[in-house]
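Notes follow once the structure below has been shown.
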Amino acid sequence: MTTTQLLPKSIPTRSNQIIKRFNNLEDAVYLFNRMIRKKPLPLLLNFTNLLTEIVKMKRYTTAISLINKLLSSQITVDACMMNIAINCYSHLGQIDLGFAVYGSIVKLGHKPLTSTYNTLLKGLVLEGRVLEAEILFKKLIKRKICEPNEVTYGTVMNGLCKGGNTKMSVRLLRFMEERGCKPSEQVYSMIIDSLCKDRRVDDALKLLTEMVEKRVLPNVVTYNSLIDGLCGLGRWDEAKQMVLEMDRRKISPDARTFNIIVDAFCKEGMVEDARSVVSVMVERGEKPDVVTYSALIDGYCLRGQMKEAVKVFDAMVEDRIEPNIVTFNSLINGYCKRSNIDGAMKVFAEITRRKLEPTVSTYSSMLYGLFKAGRSIDALKLFEHMQSVGVTPNFITYSVLLDGLCKNRRVNEALSLFRIIINNGIHPNVALYTVLIDGCCKNGKLGVGLDLFSELCSRGLRPNVVTYNAMINGLCNQGFIEEAKELVVKMEKNGVFPNGVTYNIVLQGVLKFKTFEDVLLHLKEMDARGFSVDASSFYLLLRSIPEKEQDSNFTDLMIKLVPQDLLKSKSQPVK
DNA sequence: GTAGGGTTAG
């Protein structure tokens, strides 16, 4: 059977032959200009087909100017052509102009189609104007302007999911079912992805079960989202089960599936495992791309193995894959972590040379590196600069900035900057408070630290284990061991469980300010709770405990509580 | 409709 036989009879095949004659924009425009001069004029349908092709090439501005030419010609355009125009404006981020076209459709006496509304909704969503999309959608239903179809629901749901309103999206799913519109696998996938991004993977899995029960088959997109969600929560076994389930359903993994797994391994510090996944990927005929290489580079950067990271970078260039800003951000971050600010600056210069735009992450990493190098003046200058070029700082930028100021003994500046940030209408999060509490505690301002701690609580924020540890450390360093221990009890009551860091902080406090008996007591508690003594506490222990006290009782505890490798390497000199 | 980068505690 030929292609021609597959086409519905109403579509003239000639127009399809016409549009196959070009494969670039110039040819298409040339053809358009020839068509518009023809006498008699070709059917509108031919123009519609031609413009559809131009839109497929993402040449929205061109498409709009051609439609304008049509409007000033003898040809009467229809609602369908207007839809193309609205669609172009929505892709150009100018949906208000799209609404103007909509107005002219109505004025010309054409009836807007459901697809017209779908396109308008999509335009609003693309511009992040989800609330307006919601209002328009409700209007369509309430005033019975048109019956929403699958695409209408999908578009609004997409907006809701992107805007972080998964809950409303799920409600819309139920609503569309009630109205007798069967959700497709695409709609389910969207919500499953949104749930996974909210870390609500169990709810996502429930929805997977539900869709299967309703005979809607999940596809590779559905599984990719679930695998990513599970990996993000460290639920490796279940992620593996998902891959096996895909296999049972005869759904083959695609490049994204491999990239998700590669990235998950890299984030766990298992770059070698990630590399073997890449080998499998290549064997299965999927080509590693910029995302794959960037994940590996990031993996090495996170481990501070810059030489390895650069090797992968070179291999990527060799493979003729263009690095992008994300690739460079990883390298900058890696150099900054290794306190190699010069290396980071070279990468930063390379970004500019390649005419790439630094992002908020680029600047956040650079700020981190500059503060780490003790160059707080340069850091503050860069902070000014990023804002002057229109890059808006986010919470991570602020926490790097406040932390950097504190670590460079400029706590007062950090505190006043913090107040400025709040006055600018930004609601501080727990991380910002934590950074400041830690900074105060380490710079002899325990009182201010305690004030900040109660302030964050009164704001309705919940301190996390890092916040508590910073506070407990502050108390311990000033000798308030009992108060520190009380805080450990309190955090547990509040549902935040102390971790190994908490116990080691208290241990070091007890070692500095309490008796040997107290130390033994605390060590026993650590043992009971299954926490071990880490390296810095261990060295402090060896220095603080007089040799006469290092009896068999003590040694037994040490053997139990101190990791083997620490004992082997460092315990010899003591004897 | 699905994948990539940045911060805080000993």
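Since the model is a prediction, treat every value here as computed from it, not as a measurement. Letters go in sequence order (proteins before strands), and every chain restarts at 1.
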What contact category does [X] fall into here, base, sugar-phosphate, or nothing, at under 4.0 angstrom with non-hydrogen atoms?
X	result
A:V430	nothing
A:A431	base
A:V360	base

Would you indicate, yes or no, if [N] has its OP1 or OP2 atom less than 4.0 angstrom from a side-chain nitrogen or oxygen of [X]?
X	N	value
A:N333	B:dG6	yes
A:K122	B:dG1	no
A:K337	B:dT7	yes
A:K442	B:dT8	no

When only distance counts, do a donor and an acceptor, one from the side chain of A:N464 and one from the base of B:dA9, lie under 3.5 Å apart?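 Checked by distance alone, the answer is no.
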
Has the side chain of A:S189 got a donor or acceptor that lies under 3.5 Å from a partner of the other kind on the base of B:dG1?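 Counting by modelled atom types and ignoring angles, a donor-acceptor contact under 3.5 Å is found here.
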
Suppose we screen for salt bridge (charged side-chain N to carboxylate O under 4.0 Å, His left out). Which residues come up paired with A:D202, at least two apart in sequence or across chains?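 A:D202: salt bridge (charged side-chain N to carboxylate O under 4.0 Å, His left out) contacts with A:R235.
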
A:E272 and A:R275 ion-paired at < 4.0 Å: no

Can you check whether A:M190's main-chain N or O pairs, donor with acceptor, with A:S194's side chain at less than 3.5 Å? no

Which pairs would a plain distance check flag for residues 500-507 of chain A, meaning a side-chain donor or acceptor within less than 3.5 Å of a matching protein atom at least two apart in sequence or in another chain?
{"from": "A:T502", "atom 1": "OG1", "to": "A:N469", "atom 2": "OD1", "distance (Å)": "2.8"}
{"from": "A:T502", "atom 1": "OG1", "to": "A:N499", "atom 2": "N", "distance (Å)": "2.9"}
{"from": "A:T502", "atom 1": "OG1", "to": "A:N499", "atom 2": "O", "distance (Å)": "3.3"}
{"from": "A:T502", "atom 1": "OG1", "to": "A:N499", "atom 2": "OD1", "distance (Å)": "3.0"}
{"from": "A:Y503", "atom 1": "OH", "to": "A:E525", "atom 2": "OE2", "distance (Å)": "3.3"}
{"from": "A:Y503", "atom 1": "OH", "to": "A:R529", "atom 2": "NE", "distance (Å)": "3.1"}
{"from": "A:N504", "atom 1": "OD1", "to": "A:D534", "atom 2": "N", "distance (Å)": "3.2"}
{"from": "A:N504", "atom 1": "OD1", "to": "A:S537", "atom 2": "OG", "distance (Å)": "2.8"}
{"from": "A:N504", "atom 1": "ND2", "to": "A:G500", "atom 2": "O", "distance (Å)": "2.9"}
{"from": "A:N504", "atom 1": "ND2", "to": "A:S532", "atom 2": "O", "distance (Å)": "3.3"}

Between P on B:dT7 and NZ on A:K267, what's the gap in Å once rounded to a whole number?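 Those two atoms, NZ and P, are 12 Å apart.
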
